[in-house]
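For clarity, every value in this text was computed on a predicted model and none was experimentally measured. Computed over heavy atoms, backbone and side chain alike; hydrogens, waters and symmetry mates excluded.
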There are 2 protein chains.
Amino acid sequence: MRDKNNKNNKISLSKVAEAAGVSKMTASRVLRGEGGYSEKTKVKVMQKVDQLGYLPNRLATVFAGDQSSTFVGVSIPDLGNEVFAQVLEGIDRKLGSFGHQTVLGLTQHTPQEEENWIRTVLSWQPAGLILTGRFHSPRGTEMLRNSGIPIVEIWDLNSSPLDMSVGINHFDSGFDMGRYLVGCGYKSIGYVGTSHDTANAATTRLAGFCKAVEGGGGNITKQLCLHDTATYYPGFYGTEQLLASNAQVECIFFQNDAMAFGGLQYCTSRGLEIPCDIGIAGWGDLPIASVMKKRMTSMHVPHLKLGRTAAEMMIARLSGEPIENCRDIGFSLIPGSTVLNQNVGNSAADDVP
Amino acid sequence: MRDKNNKNNKISLSKVAEAAGVSKMTASRVLRGEGGYSEKTKVKVMQKVDQLGYLPNRLATVFAGDQSSTFVGVSIPDLGNEVFAQVLEGIDRKLGSFGHQTVLGLTQHTPQEEENWIRTVLSWQPAGLILTGRFHSPRGTEMLRNSGIPIVEIWDLNSSPLDMSVGINHFDSGFDMGRYLVGCGYKSIGYVGTSHDTANAATTRLAGFCKAVEGGGGNITKQLCLHDTATYYPGFYGTEQLLASNAQVECIFFQNDAMAFGGLQYCTSRGLEIPCDIGIAGWGDLPIASVMKKRMTSMHVPHLKLGRTAAEMMIARLSGEPIENCRDIGFSLIPGSTVLNQNVGNSAADDVP
DNA sequence: AAGATATAAGTTACCGGTAACGTAAAAGCG
DNA sequence: CGCTTTTACGTTACCGGTAACTTATATCTT
């Protein structure tokens, strides 16, 4: 009267076949529309399928052999970040339209969590995996290598991916932002972000940013890496901390737009005029920007498209179509109006007034 | 040299056993730590497991019988809405910590999509399902009923759930907001939201809202249901449409905070002062509110906790613990400062100046 | 009408694990 | 020392489908 019965109560193909007075194999053929049965038999079987409410057991099908499952494992750092939520949405919609199912893994930016998740999800014989980031633990990498299934690494573009990669060059995007801000005439620039255990995209962006700023004659006067999530409120209090320090800061670059909005609100609440008193630059171009009067200076990345593309690459690979294994999805700088371009009309970037 | 080989190349338990010079069954016992083997044998087997990089095939285990899978299917309308992203995060984190995996389904608010997803996900023999919303297609409901697995319906509180339910009473939350706004002295109130094929939570909220407003002597002068997503920009242009109509509107209630922010920005851009010229009320209390100087009048719902609770109920049920099958997670009105309370100090709600 | 061919089935074996049962050797015991 | 009990395995069967093969009947040839 417990689990056992549950099992027994389940309608299997054999029961349908028995009820219809045919063999299991004939019922299987009807359900797969494979042919080799009469119209009369088909009707008999389908009637019983409806009547008994038969639901196939895909586990058995996949397990039986040749067919691989329709699962695709997707690892995402976290969903608190709107950006990743959109990437996931793009992935799942596209995968779903091709009959695949997303098995989610929130890996919290740690390779250990990711490794555990990889081990678990591989045990379910997925058709493929989509992973965020290019860095994996050694054991994780080994399992991925040995899995023999398609793997798409997203977010960070990886010129020598395990298998396939789609994303952007975060170093370059940071560099471009740095060059832009220096080009606007800023000399003393601050940074507010969060810290992570491992090298990640934000760190790479910061590296590119620093290189551009310092190479352009500017200075990163203060760099704050909070032990917190990269959301609105940490942006708010991080800015408070930054401005409370003695460091001279004419402009702040934030890890992402959410933090930048937090920073913007802090500045406004302290009576600072943006961009006259201080410049603010974010990264990621959140949807909320679409309604803000003062457009945030930011870096636009096509998140949904990134997710869709990752799913498309996966599907192409699964269906054996030839596919380039590295795709740059691109980014574009949004000048916005939260920084002041002190050199409007000038093309030279390092022209000091 | 194709798929077949892939299969052949996979390390199965038999291969490990063969390599270690023991039977399949002994290897199985070692891996499950079930006992009944010598220390020497254990070492031999584990060595080969490491050496060959054996990964168990959970499909086979589940398929084999007694054990149910560790999958939990989770359907979410969409992730463009930050609120649902947070709910999902809460669910997956909690499920993950108990060794369960989330199989995602984005059902786009349509019962048909949900039905298709239910059919597919059930074929994978999940341990349980978590569904957003209380309304399902007839066939979907039937499949759920027959599945015999734990089911948690979230978001909408369902006093007679299929199995379990956790969420809030959306009618009441709309009612409370309506009563509050009328209590503030507003008489002519507008609404901006989006339309859906089926009755959903937002519609229920609106119903409660209307009842409170009309019952309190106020009027819904204009009600806009856009055929669009419930995000920032539709809130912006929806407000434009609303204000362009001849309807008299002193205050606008929005389907959610994202739309309310869009509306707020539209009003500000047109030189309207909030809340002096027009009141704005949202729903959901987005994280961005934490940094806005002018706190949005809204309804707070503990999203992460909602997700966590749903997962906890699922896990409790799966482990056979007794559990109440209906949990009200509650909401709380955030007065904010985007509406003007014209009766500060008064307790009577329908006091007209 | 006899043989060749097509059609509509049924039979068997297998996927990778595990439960249930069987068995030989080692250990315990009076 | 011979008996029972325990330990450490091995064997067999099965989960729910499907591939590959076999068989029985219907249809087509000339």
Side-chain angles (χ1 to χ4, degrees), chain A residues 2-46 48-49 52-70 122-125, chain B residues 2-46 48-49 52-70 122-125:
Chain A
R2 307 204 78 83
D3 304 343
K4 288 281 163 125
N5 257 21
N6 211 349
K7 192 100 207 163
N8 294 345
N9 289 343
K10 271 207 177 146
I11 308 299
S12 68
L13 188 59
S14 322
K15 292 198 181 151
V16 171
E18 196 184 359
V22 298
S23 75
K24 213 166 72 156
M25 202 56 221
T26 300
S28 171
R29 278 192 271 254
V30 170
L31 276 160
R32 281 174 301 141
E34 190 209 36
Y37 48 84
S38 68
E39 191 59 26
K40 223 171 58 183
T41 306
K42 178 184 164 182
V43 171
K44 265 197 306 190
V45 171
M46 291 313 279
K48 290 297 170 189
V49 164
L52 299 173
Y54 168 70
L55 283 179
N57 181 342
R58 301 274 275 112
L59 244 49
T61 310
V62 173
F63 172 62
D66 299 345
Q67 258 171 284
S68 80
S69 85
T70 51
L122 280 180
S123 75
W124 292 110
Q125 318 297 113
Chain B
R2 308 204 78 81
D3 305 343
K4 289 281 165 129
N5 257 21
N6 211 348
K7 190 102 208 160
N8 294 344
N9 288 342
K10 271 208 178 145
I11 309 299
S12 69
L13 187 60
S14 321
K15 291 197 183 153
V16 172
E18 196 183 0
V22 297
S23 75
K24 216 167 68 157
M25 201 56 220
T26 300
S28 171
R29 279 192 270 254
V30 169
L31 277 160
R32 283 175 299 140
E34 188 209 36
Y37 48 83
S38 68
E39 190 59 27
K40 224 170 58 184
T41 306
K42 177 184 165 183
V43 171
K44 263 197 306 190
V45 171
M46 291 313 281
K48 290 297 170 189
V49 164
L52 300 172
Y54 168 70
L55 284 179
N57 182 342
R58 301 273 276 114
L59 244 49
T61 310
V62 173
F63 172 61
D66 300 344
Q67 259 171 284
S68 80
S69 85
T70 52
L122 280 180
S123 75
W124 292 110
Q125 319 297 111

Legend entry - Between P of D:dG17 and CZ of A:R32, the distance in whole Å: 11 Å

Inset, instruction - Over all heavy atoms of both residues, which pair between B:A27 and B:V22 is shortest? Give the atoms and the distance, please. - result: N-CG2, 4.3 Å

Legend entry - side chain to side chain donor-acceptor pair (under 3.5 Å) against A:S14, all qualifying residues, sequence neighbours excluded: none

Do any N or O atoms of the protein come closer than 3.5 Å to N or O atoms of nucleotides 21-28 of chain D, and which pairs are they?
none

Legend entry - A:L13 side chain near A:L31 side chain, heavy-atom distance below 4.5 Å: yes

Inset, instruction - Within residues 34-44 of chain B, find the residues that approach DNA chain C with a heavy atom at under 4.0 Å, and present them sorted by residue number. - result: none

Legend entry - A:S69 (side chain) donor-acceptor with A:V62 (main chain) under 3.5 angstrom: no

Inset, instruction - Compare side-chain N and O positions of A:R58 against OP1 and OP2 of D:dT18 and report whether any pair is under 4.0 Å apart. - result: no

Legend entry - Distance, rounded to the nearest Å, where B:L59 contributes CG and C:dC14 contributes C1': 15 Å

Legend entry - Closest to side chain of B:F63, choosing from D:dG10, D:dC15, C:dT18: D:dC15

Inset, instruction - Using the test side chain to side chain contact (heavy atoms under 4.5 Å, CB included), find all partners of B:T70 that sit at least two apart in sequence or belong to another chain. - result: A:W124, B:R58, B:H100, B:Q101

Legend entry - A:T26 side-chain N/O to C:dA9 phosphate OP1/OP2 under 4.0 Å: no

Legend entry - B:K24 (side chain) and C:dG17 (base): donor-acceptor pair under 3.5 Å: yes

Legend entry - Polar side-chain atom of A:K15 near backbone of A:K10 as donor-acceptor pair, under 3.5 Å: yes

Legend entry - Under the side chain to side chain donor-acceptor pair (under 3.5 Å) test, residues paired with B:S123 that sit two or more places apart: none

Legend entry - Atom-to-atom span, CD of B:E18 to P of C:dG17 - whole angstrom: 14 Å

Inset, instruction - Return the value, rounded to whole Å, for the distance between atom CD1 of A:I11 and atom P of D:dG16. - result: 11 Å

Inset, instruction - Scan residues 16-25 of chain A for pairs that pass side-chain hydrogen bond (donor to acceptor under 3.5 Å, both in side chains), counting only residues two or more places apart or in two chains. - result: A:S23-A:T26

Legend entry - Residues forming a side chain to side chain contact (heavy atoms under 4.5 Å, CB included) with A:L122, sequence neighbours excluded: A:I118, A:P126, A:L129, A:M143, A:S147, A:I149, B:L55

Legend entry - Integer-rounded Å distance: D:dC15 C1' and A:L13 CG: 13 Å

Inset, instruction - Taking only the side-chain heavy atoms of A:S28 (C-beta and beyond), determine which of C:dA19, C:dG16, D:dT18 contains the nearest atom. - result: D:dT18

Inset, instruction - Could you check which of D:dG17, C:dG17, D:dG10 has an atom nearest any side-chain atom of B:N57? - result: C:dG17

Inset, instruction - Could you state the atom-to-atom distance from NZ of A:K10 to P of D:dC14 in whole Å? - result: 20 Å

Legend entry - With A:S28 via side chain to side chain donor-acceptor pair (under 3.5 Å) - residues at least two apart: A:R32

Inset, instruction - Taking side chain to side chain donor-acceptor pair (under 3.5 Å) as the test, write out the residues that go with B:T41, two or more places apart. - result: B:S38

Inset, instruction - For the helix from C:dA1-D:dT30 to C:dG30-D:dC1, figure out the bend between the end axes, five pairs an end, and round to 10 degrees. - result: 40°

Inset, instruction - Flag the pair B:K40 / B:K44 as yes when at least one side-chain heavy-atom distance between them is below 4.5 Å, and no otherwise. - result: no

Inset, instruction - Check whether any side-chain nitrogen or oxygen of B:T61 sits under 4.0 Å from OP1 or OP2 of C:dG17, and answer yes or no. - result: no

Inset, instruction - Ignoring backbone atoms, establish whether A:S23 has a side-chain N or O less than 4.0 Å from OP1 or OP2 of C:dA9. - result: no

Inset, instruction - Could you tell me the separation between the CG atom of B:L31 and the P atom of C:dA19, rounded to a whole number of Å? - result: 13 Å

